[in-house]
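Whatever order the structure lists ligands and atoms in, that order sets their numbers, starting from 1.
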Amino acid sequence: MGKTIVLDHPLIQHKLTLIRDKNTGAKEFRELVEELSMLLAYEVTRDLPLQDVEIETPVCKATTKALSGKKIGVVPILRAGLGMVEGILKLIPAAKVGHVGVYRDPETLQPVEYFCKLPTDIAERDLILVDPMLATGGSAIASVKFLKDRGAQNIKLVCLVAAPEGIEAVQKAHPDVDIFVAAVDERLNDHGYIVPGLGDAGDRLFGTK
Ligand SMILES: O=P(O)(O)OC[C@H]1O[C@H](OP(=O)(O)OP(=O)(O)O)[C@H](O)[C@@H]1O
Ligand SMILES: O=c1cc[nH]c(=O)[nH]1
Ligand SMILES: [Mg+2]
């Protein structure tokens with residue numbers, strides 16, 4: 001079974017409260033999602049491999065650590081996942097970015113796939129799949145399958161707010177995928193929205209409501 005890691009650092013909890021507030025406008029919402037993504041990325045990349053490098057400090061020669069160059073891919077689930085990309089790229093600028101387009105049908109809540117553009121060497125990369133919201137889990141499950149069908153083997157799912165139902169569904173469908181979240185909320189409402197949640201992340205990021 002994949003692990004679910006809840007990242008409850010005080011800075012993360014504080015910024016989450018700000019984006020949950022319905023009075024937070026699109027500009028501040030976008031900035032906070034970027035900052036939160038950066039804070040999550042710090043923990044998500046904790047297991048990146050290092051190698052010894054020889055350098056010379058102003059004082060002496062030294063053997064120190066540097067990233068060994070593991071290939072990473074960041075894959076946002078369109079649209080809302082786009083809001084998380086810049087924050088992660090600030091920490092790992094060499095990562096390549098793939099895009100998976102999935103929206104949730106508002107009536108059936110079933111995921112509808114409409115776009116996919118991935119780096120050609122996707123199978124060699126460790127992937128960080130990002131979406132602010134994990135509700136029923138349908139979109140994330142379909143996106144992980146998308147990536148696996150194209151050869152991806154090592155996928156981490158990174159979300160801001162998750163419902164217990166969504167976590168359980170992803171763990172069941174893809175037990176090899178670890179999930180990193182800033183908060184696990186109470187439940188889903190009758191319309192499949194996370195309670196208390198933050199509303200529709202895509203609409204709040206892009207001002208489409
Ligand atoms: O876990 P699920 O029940 O599948 O719901 C979560 C999905 O819903 C939202 O996307 P939405 O369909 O609103 O598309 P958008 O990002 O284009 O707004 C959200 O960003 C997730 O992708
Ligand atoms: O609460 C929710 C559920 C799905 N998608 C969102 O953007 N928010
Ligand atoms: Mg949306």
Checklist entry - For the residue pair His99 and Leu78, what are the closest heavy atoms and their distance? => result CD2-CD2, 3.8 Å
Distances for all N or O pairs of ligand 2 and the protein under 3.5 Å?
| residue | atom | partner | partner atom | Å |
| --- | --- | --- | --- | --- |
| ligand 2 | 1 (O) | Ile194 | N | 2.8 |
| ligand 2 | 7 (O) | Ala201 | N | 2.9 |
| ligand 2 | 8 (N) | Gly199 | O | 2.8 |

Item to check | SB check Arg125 Asp121 (cutoff 4.0 Å) | outcome: yes
Checklist entry - So, are Asp176 and Lys156 salt-bridged, with charged N and O less than 4.0 Å apart? => result no
Using a cut-off of under 3.5 Å, which N/O atoms of ligand 1 pair up with protein N/O atoms, and what distance separates each pair?
| residue | atom | partner | partner atom | Å |
| --- | --- | --- | --- | --- |
| ligand 1 | 1 (O) | Ala135 | N | 2.9 |
| ligand 1 | 1 (O) | Thr136 | N | 3.1 |
| ligand 1 | 1 (O) | Gly137 | N | 2.8 |
| ligand 1 | 3 (O) | Arg104 | NH1 | 2.8 |
| ligand 1 | 3 (O) | Thr136 | N | 2.9 |
| ligand 1 | 3 (O) | Thr136 | OG1 | 2.5 |
| ligand 1 | 4 (O) | Ser139 | N | 2.9 |
| ligand 1 | 4 (O) | Ser139 | OG | 2.6 |
| ligand 1 | 12 (O) | Arg104 | N | 2.7 |
| ligand 1 | 16 (O) | Arg79 | N | 3.0 |
| ligand 1 | 16 (O) | Ala80 | N | 3.0 |
| ligand 1 | 17 (O) | Arg79 | N | 3.2 |
| ligand 1 | 17 (O) | Arg79 | NE | 2.9 |
| ligand 1 | 18 (O) | Arg79 | NE | 3.4 |
| ligand 1 | 18 (O) | Arg79 | NH2 | 2.8 |
| ligand 1 | 20 (O) | Asp131 | OD1 | 2.8 |
| ligand 1 | 22 (O) | Asp131 | OD2 | 2.4 |

Checklist outcome for this item: Looking only at heavy atoms, the pair that brings Val97 and Pro76 closest together is CG1-CD, 3.9 Å
Checklist entry - Can you name the residues that form a side-chain contact (heavy atoms from CB on, under 4.5 Å) with Asp52, not counting sequence neighbours? => result Thr63, Lys65
Checklist entry - Under 3.5 Å, is there a donor-acceptor pair between the side chain of Arg204 and the main chain of Leu198? => result yes
Item to check | Non-hydrogen atoms of Leu40 and Met84 that approach each other most closely | outcome: CD1-CE, 4.4 Å
Checklist entry - Is the distance from the Mg ion (ligand 3) to some N, O or S atom of Asp200 under 2.8 Å? => result yes
Checklist outcome for this item: Sequence neighbours excluded, the answer for side-chain contact (heavy atoms from CB on, under 4.5 Å) partners of Val59 is Thr57
Item to check | Under-4.0 Å salt bridge between Lys70 and Asp47 | outcome: no
Checklist entry - Val184 and Leu129: same hydrophobic cluster, using ILVMFWY side-chain contacts below 4.5 Å? => result yes
